[in-house]
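Numbering starts at 1 and runs along the sequence shown. Everything numeric in this text was worked out from a predicted model, so none of it was measured.
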Amino acid sequence: MENLQLVLLFLGAIAIIAVLVHGFWSIRKQQPKGYKQSPMTDINRDRRDADGFDNDGIGEVRVVKAAAAESSPASEATTNSRKSDDTAAFAGASTSTFELSQTPAEKITKTRVEPSLSSNNTDIDEQTPVQESLFATDETVTAPAQTAATQQSNHPAQEQAQVSHQTAEAQQQVTTEAVAEPEPAEELGEPQDVLVLHVVAKEGEELHGAELLPCLLTLNFKFGDMNIFHRHEDNAGTGKVLFSMANMVKPGVFDPDNMEQFTTQGVVLFMTLPCHGDALMNFSIMLNSAHQIADDLGGEVLDGGRELWQESTKQNYIQRIRALV
């Protein structure tokens, strides 16, 4: 049994060594050979052609400084010779172009001519162009004449200023009067007739405020005097009152804050004659409003005597309107 264990240990050691050797060999095989390890490197360096270049086209190392030092004296000599030739040519050109004369040249002085504010400058050189003074005055115009001309020129401006001031004052007075004096209100006098329409709920039912209030707002009614709703000339709720609507049940008023709990048997719409605006048009608006309320709340339209509204009743109301218009 012991011999078998030794044999197994020996075989295991051999296997481990074989694996390690194989691993090192594989790593060695995968690595590329360096340029220094290549056996062809020395051969390629020794093989050069007649011009001194090897197979890769690389020539021998040359020293450039020595060649530049040797060629510098010749280049300096060439440069000096060129400079001397240029100097001689410039000197010849200057002697041929410029010559010194025995008599000195006259000095030319340029004088600046300032514009004159007076009329006494008469000593001006004829050759020098002179700019005419923008501020020069004519000799024939005297001081009193200038004063009179100035006053005449300022006089229209003063008159225009006075006229504009008077115009502004007049406009301000007109505006003040217009604001202070409002238009007199149209006096209708005592009412001579009243047109009445009733909108009542059907038998056994009631009109609810939660449904009535949105309908009135749609028809441009506005809550106002006497705690009832009014229809004005303007749809926004301004202007003269055309007709009004009250509660049919005493005391005949509304409470807008409690319209959710409000119930009634009916409402009454009334219009006094004479009225503001077109009476026929106002009656037409009131009649249409009554029919709209009846349709929205499920009620019926009655006349002033609480009889069912008919076409003959409408014609009777129109005749009453025309009798007073």
Side-chain angles (χ1 to χ4, degrees), residues 1-98 201-202 204-223 235-237 254-263 292-293 295-299:
M1 189 68 180
E2 294 180 355
N3 294 331
L4 180 60
Q5 292 179 353
L6 293 174
V7 171
L8 293 176
L9 289 174
F10 181 74
L11 292 177
I14 293 174
I16 291 171
I17 293 172
V19 170
L20 293 175
V21 171
H22 182 268
F24 283 117
W25 177 79
S26 299
I27 293 172
R28 185 83 174 178
K29 185 177 180 181
Q30 292 177 0
Q31 290 181 352
K33 294 183 179 181
Y35 179 75
K36 295 182 179 180
Q37 298 178 358
S38 178
M40 300 298 293
T41 303
D42 298 333
I43 298 174
N44 293 333
R45 290 179 179 176
D46 296 337
R47 294 181 181 179
R48 298 182 180 275
D49 55 6
D51 296 332
F53 296 99
D54 56 6
N55 294 333
D56 296 331
I58 301 173
E60 295 180 357
V61 179
R62 298 180 182 181
V63 180
V64 181
K65 294 182 179 181
E70 293 177 357
S71 60
S72 59
S75 61
E76 289 179 358
T78 305
T79 304
N80 293 332
S81 63
R82 290 179 180 177
K83 289 182 178 180
S84 60
D85 294 339
D86 294 339
T87 304
F90 179 75
S94 61
T95 53
S96 61
T97 303
F98 302 99
K202 294 181 180 180
E205 298 180 0
E206 291 181 341
L207 301 181
H208 297 277
E211 298 176 354
L212 178 62
L213 183 60
C215 181
L216 296 178
L217 296 177
T218 304
L219 297 173
N220 300 319
F221 279 88
K222 183 177 180 181
F223 185 79
N235 292 334
F254 296 95
D255 186 6
D257 297 332
N258 296 320
M259 290 297 288
E260 295 290 337
Q261 295 81 22
F262 174 79
T263 58
Q292 186 67 41
I293 296 172
D295 293 340
D296 293 346
L297 277 70

Apply ring-ring contact (aromatic ring centres under 6.0 Å, His included) to the pair Phe254 and Phe262, showing each step before the final yes or no.
CA-CA 8 Å; Phe254 296 95; Phe262 174 79; 5.6 Å; yes

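- When all heavy atoms of Glu206 and His208 are compared, the pair lying nearest together is O-CD2, 3.6 Å.
- With values rounded to the nearest 0.5 angstrom, Asp296 atom CG is found 11.0 Å from Leu207 atom CG.
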Assess whether side chain to side chain contact (heavy atoms under 4.5 Å, CB included) is satisfied between Leu216 and Ile293, documenting all intermediate values.
CA-CA 8 Å; Leu216 296 178; Ile293 296 172; 3.9 Å; yes

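- Taking every heavy atom of both residues into account, Leu217 and Phe221 meet most closely at CD2-O, 4.2 Å.
- Across all their heavy atoms, Pro214 and Gly209 have their closest contact at CD-O, 4.3 Å.
- Here the closest heavy-atom approach between residue Leu297 and residue Glu211 is recorded as CD1-O, 3.9 Å.
- Separation of atoms CG (Leu8) and CG (Asn3) is listed at 11.0 Å; rounding is to 0.5 Å.
- Taking CD of Gln292 as the start and CG of Leu219 as the end, the distance is 5.5 Å to the nearest 0.5 Å.
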